[in-house]
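Everything below concerns the one structure shown next.
Throughout, residue positions are numbered sequentially from 1 according to the sequence presented.
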Amino acid sequence: MAQDNAQREGKQAPASRRPEACAIVIFGASGDLTGRKLVPALYNLFANRMAPESFYICGAARSELSDEEFRAKMHAAVEQSGGDMAAWDDFAARLHYQSVIYDDPGSYQALAERLDRLDQEHEVPGNRIFECAIPPTLYMTVARMLAQSGLSGEERGWRRLVVEKPFGSDLASSQELNQAICQGFEEHQVFRIDHYLAKETVQNIMMFRFANAIFEPLWNRNYIEQVSILSAETLGVEHRAGYYEKAGVLRDMFQNHMMQLLALVAAEPPSIFAADRVRDEKTKLFRSLRPFPTDQLYDYLVLAQYEAGDLDGREYPAYRAEPGVDPSSLTPTYATMKVFVDNWRWQGVPFYITSGKRLAQKLTRIEIQFREVPHSLFRQVLGEEIKANRLVLNIQPNEEITLYFQAKQPGGEVDLRTVGLHFEYQDGAARQGLEAYEKALADAMLGDQMLFWRQDGVDLCWAFLDPVLEACESCGDRADRLHRYRAGSWGPRDAAKLWPGHPLNHLERY
Ligand code: BG6
C-alpha cells in the first residue's frame, strides 16, 4: 500500500525499473490495434528485458481461438512489424487466449477463473492490466462488466484499466463513460492513452523548457509574439470512415493530441516532475483557455475538407469519394484554430493550432515566434525589417530543434542572414528511444500516469470544444463555411489568412 500511495502521489521509480509481475488482458485481441501495435510493443519490451520477469498476455475477444491459433496470428503480426524474432518462443509461451462475449456475465466469470489459473502457472500475484482495444461503443459495457464480475477489485494484486481515445464524443458522453469506469476503478487505476504524449520528442518539450535556464525567462507574452502547433498528415481517412464521419478533425485530433501539445508548450512549471503535479498544471492551463467566441466563429476557425489531388506522384480521391463516406459529407478533415490563454503569462498571445489529413507532408511541428527587436539600429541600411527569432520544435518525422537567429552575411556589405542552431534528437544519444506504445504500456505496468489523461483534463477540453462543435454543426451556412483543399496541398488559402505562420505563407520553411 505504501508503494501505491507513493505512486498516487506520482513518486515513481525511474523508468528503467522493471515492472512487477503482472498479466495483460487485451479485450479486442482479434482486432487491428492488437496485432499492429499492442503485441509488437509488448514483444519488444520483452525482448529488451523491460517487461516484468513474470508476465503473461491473455487475449480476449468474441472469436473462438485456441492459444495456438492466437500465437500463430501474433507471430505473423510481430514479424510484419519488423521485430527480431529471436525471443519469440519464450514470448509465445506467455500468450494465451480466452473467448468472451462482451456483455455476458458468464464470460467474465470464465475469464476470472482462467486468469486465476494462469496467474499460478506464470507466478503472477494477481496484478492485472485490462487493455481496451475494442471499439469505443464497447468501453462502457466492458468497464461495467469488469466491475460487476469483481475483476476490477484490488483484494489480490493491483488492477488497472487502459482506455484508448476517443473518450466520448462530447462532454456528456465522456462523463457518462467515466461514470461507467468509476463503478469498478478509481482514478489511480485508469490509464487514458494519448499516443502523442508517449512520443519521445513530445516528452522532450517539458525537459527542454524546464531543464534549461535560458528559455524560461523568455517564455511569455513579453518575448513571444505567437505560437503555432501543426500536425499535418499525408494519410487520408483510410478504412475508418464509420468513425471519422462522426468525429471529424476537431474530435479526432484537437480534443486530445493538439490540446496536449498546447498544454506542454504553455503550462506553468510544476514544482516536481511527478504525474499528478504535471497533470495539475495542464488542468490549470485548460481552465485558462479563453472560451471560444462562437458568435464570431469563423474569424477564429477555418474548417476544410480535402478534394481529389496528387501526392508523391499518386492520385488520391476526394474525401467524399473515399469508401464509406457520404458523398455529400460536411465532415471537416482540416482545421486551423486561433486560441488564447487568459493568464498572466500568455495574455494576448495567439496560439494557432492546425491539423489536417492528406496534406503535403507528414509533419508535427511547434513554432515559437519571438517578437522583433524593440529598436533596429541597422534601420538606415537594412530598413525596419529584421527577422525575429524563431524556435522550431519538430516532433515528427524528423525529431529536431532549431533556433533561428540573425547573423552577418560575410563580405563588405552590412547585410544579415537567418541562420539556425540545430539539434537532432538522436545525436549522441546513449540509447534508442521507445516507440509510443512501448512507452505507454511500460508506464501502465509501472503504474506511472504521467503520460496519460486525467478525467478533469478530458472534461475541460470537451467543455472548451463542445460549444465550437455545436456552433459548427448547427450553423445554417455550414456547407458554405467548409473550405476545400486539394489532396497533397498545404490546406485551404483561407487558413493562410487566419494564421500568419501558415506553410502557404512560408513555403521556404517546409
Ligand atoms: C490518431 C487519429 O489518434 O492519430 C488518427 O485518430 C491520426 O486520425 C493519428 O491519423 C495520427 O497519429 P500520428 O502518430 O501518425 O501523428
Side-chain angles (χ1 to χ4, degrees), residues 22-43 46 51 54-81 88-124 126-153 156-157 159-164 177 180-181 183-185 191 193 239 242-243 437 441 444-445:
C22 67
I24 295 158
V25 182
I26 305 180
F27 290 105
S30 50
D32 178 60
L33 182 66
T34 303
R36 207 166 36 84
K37 295 280 183 196
L38 299 176
V39 172
L42 288 166
Y43 175 76
F46 176 76
S54 302
F55 94 107
Y56 68 91
I57 297 168
C58 182
R62 274 183 291 233
S63 328
E64 294 280 351
L65 290 180
S66 66
D67 283 5
E68 280 315 320
E69 286 167 325
F70 182 55
R71 286 175 189 149
K73 275 183 78 158
M74 293 304 111
H75 182 272
V78 173
E79 213 167 31
Q80 204 184 351
S81 76
W88 175 257
D89 288 347
D90 220 1
F91 181 76
R94 295 154 196 267
L95 281 179
H96 303 276
Y97 184 86
Q98 173 81 19
S99 125
V100 292
I101 313 240
Y102 293 119
D103 59 355
D104 167 34
S107 281
Y108 290 81
Q109 188 57 40
L111 177 65
E113 287 163 13
R114 179 86 193 276
L115 293 176
D116 286 343
R117 288 198 301 277
L118 289 172
D119 276 357
Q120 290 202 342
E121 189 183 315
H122 292 278
E123 297 181 355
V124 167
N127 298 330
R128 288 172 195 162
I129 289 181
F130 298 103
E131 157 80 50
C132 294
I134 40 180
T137 46
L138 288 172
Y139 288 172
M140 288 214 279
T141 311
V142 168
R144 284 200 186 107
M145 294 307 262
L146 285 171
Q148 284 163 22
S149 63
L151 272 163
S152 58
R156 191 176 70 81
R159 304 292 154 96
R160 295 176 188 149
L161 182 71
V162 176
V163 194
E164 301 279 336
L177 168 62
I181 291 175
Q183 287 181 12
F185 297 91
F191 291 71
I193 286 201
H239 52 274
Y243 151 76
Y437 266 95
L441 290 169
M445 287 193 268

Practice item. Could I get the full list of side chain to side chain contact (heavy atoms under 4.5 Å, CB included) partners for A92, not counting sequence neighbours? Key: R71, W88
Review point. Which pair of non-hydrogen atoms, one from F91 and one from F55, has the smallest distance, and what is that distance?
Key: CE1-CZ, 4.0 Å
Revision key, fill the gap. So CZ of F27 and OG1 of T34: to nearest 0.5 Å the spacing works out to 11.5 Å
Check your understanding: What's the shortest heavy-atom distance between F130 and F185, and which atoms?
Key -> CD1-CZ, 4.3 Å
Review point. Between R128 and D119, is any pair of side-chain heavy atoms under 4.5 Å apart?
Key: yes
Mind listing the side-chain donor-acceptor pairs of residues 136-148 below 3.5 Å, one per line with the distance, residues two or more places apart or on another chain?
{"unit_1": "Y139", "atom_1": "OH", "unit_2": "E164", "atom_2": "O", "d": "2.9"}

Point to revise | Any residue meeting side chain to side chain contact (heavy atoms under 4.5 Å, CB included) with E113, in chain and number order, not counting sequence neighbours | key: Q109, R117
**Study point:** R159 side-chain N/O to R156 backbone N/O, donor-acceptor pair under 3.5 Å
**Key:** yes
Check your understanding: Is any side-chain heavy atom of V124 closer than 4.5 Å to a side-chain heavy atom of L118?
Key -> no
Practice item. Apply ring-ring contact (aromatic ring centres under 6.0 Å, His included) to Y56 and list each qualifying residue two or more places apart in sequence or on a separate chain. Key: H122
Check your understanding: Listed by chain and number, what are the side chain to side chain donor-acceptor pair (under 3.5 Å) partners of D32, not counting sequence neighbours?
Key -> R36
**Study point:** Contact check, side chains of K73 and V39, non-hydrogen atoms, under 4.5 Å
**Key:** no
Exercise for review: Report yes if the side chains of L38 and Y437 come closer than 4.5 Å at any heavy-atom pair, otherwise no.
Suggested key: yes
Point to revise | Which residues share a side chain to side chain donor-acceptor pair (under 3.5 Å) with Y243, sequence neighbours left out | key: D252
Review point. Who pairs with S107 by side chain to side chain donor-acceptor pair (under 3.5 Å), at least two apart in sequence or on another chain?
Key: D104
Check your understanding: Would a distance-only check, ignoring hydrogens and angles, find a side-chain to backbone donor-acceptor pair under 3.5 Å from R160 to A444?
Key -> yes
Check your understanding: Of the non-hydrogen atoms in C132 and L161, which two are nearest, and what is the gap between them?
Key -> SG-CD1, 3.8 Å
For residues 59-67, tabulate all N or O donor-acceptor pairs below 3.5 Å that involve a side-chain atom, not counting sequence neighbours.
{"unit_1": "S63", "atom_1": "OG", "unit_2": "S30", "atom_2": "OG", "d": "3.2"}
{"unit_1": "S66", "atom_1": "OG", "unit_2": "E68", "atom_2": "N", "d": "3.4"}
{"unit_1": "S66", "atom_1": "OG", "unit_2": "E69", "atom_2": "N", "d": "3.0"}
{"unit_1": "S66", "atom_1": "OG", "unit_2": "E69", "atom_2": "OE1", "d": "3.3"}
{"unit_1": "D67", "atom_1": "OD1", "unit_2": "Y97", "atom_2": "N", "d": "2.8"}
{"unit_1": "D67", "atom_1": "OD1", "unit_2": "R114", "atom_2": "NH2", "d": "3.3"}
{"unit_1": "D67", "atom_1": "OD2", "unit_2": "H96", "atom_2": "ND1", "d": "3.0"}
{"unit_1": "D67", "atom_1": "OD2", "unit_2": "R114", "atom_2": "NH2", "d": "3.1"}

**Study point:** More than 12 heavy atoms of other groups within 6.0 Å of Q183 CD
**Key:** yes
Review point. For the atom pair CD (E131) and CD1 (I24), what is the distance rounded to the nearest 0.5 Å?
Key: 9.0 Å
Practice item. Kindly give the heavy-atom pair with the smallest separation between N127 and G157, and that separation in Å. Key: OD1-CA, 3.2 Å
Check your understanding: So, for L115 and C58, which heavy atoms are closest and what is the spacing to 0.1 Å?
Key -> CD2-CB, 3.9 Å
Point to revise | Gap separating the OH atom of Y43 from the CG atom of L95, nearest 0.5 angstrom | key: 11.0 Å
Check your understanding: Minimum heavy-atom separation for Y108 to I101, with atom names?
Key -> CE1-O, 3.8 Å
Practice item. First locate atom CD1 of I26, then atom CD1 of I134, and finally report the distance between them rounded to the nearest 0.5 Å. Key: 12.0 Å
Review point. Among all residues two or more places apart in sequence or in another chain, which pass the salt bridge (charged side-chain N to carboxylate O under 4.0 Å, His left out) test with K37?
Key: E435
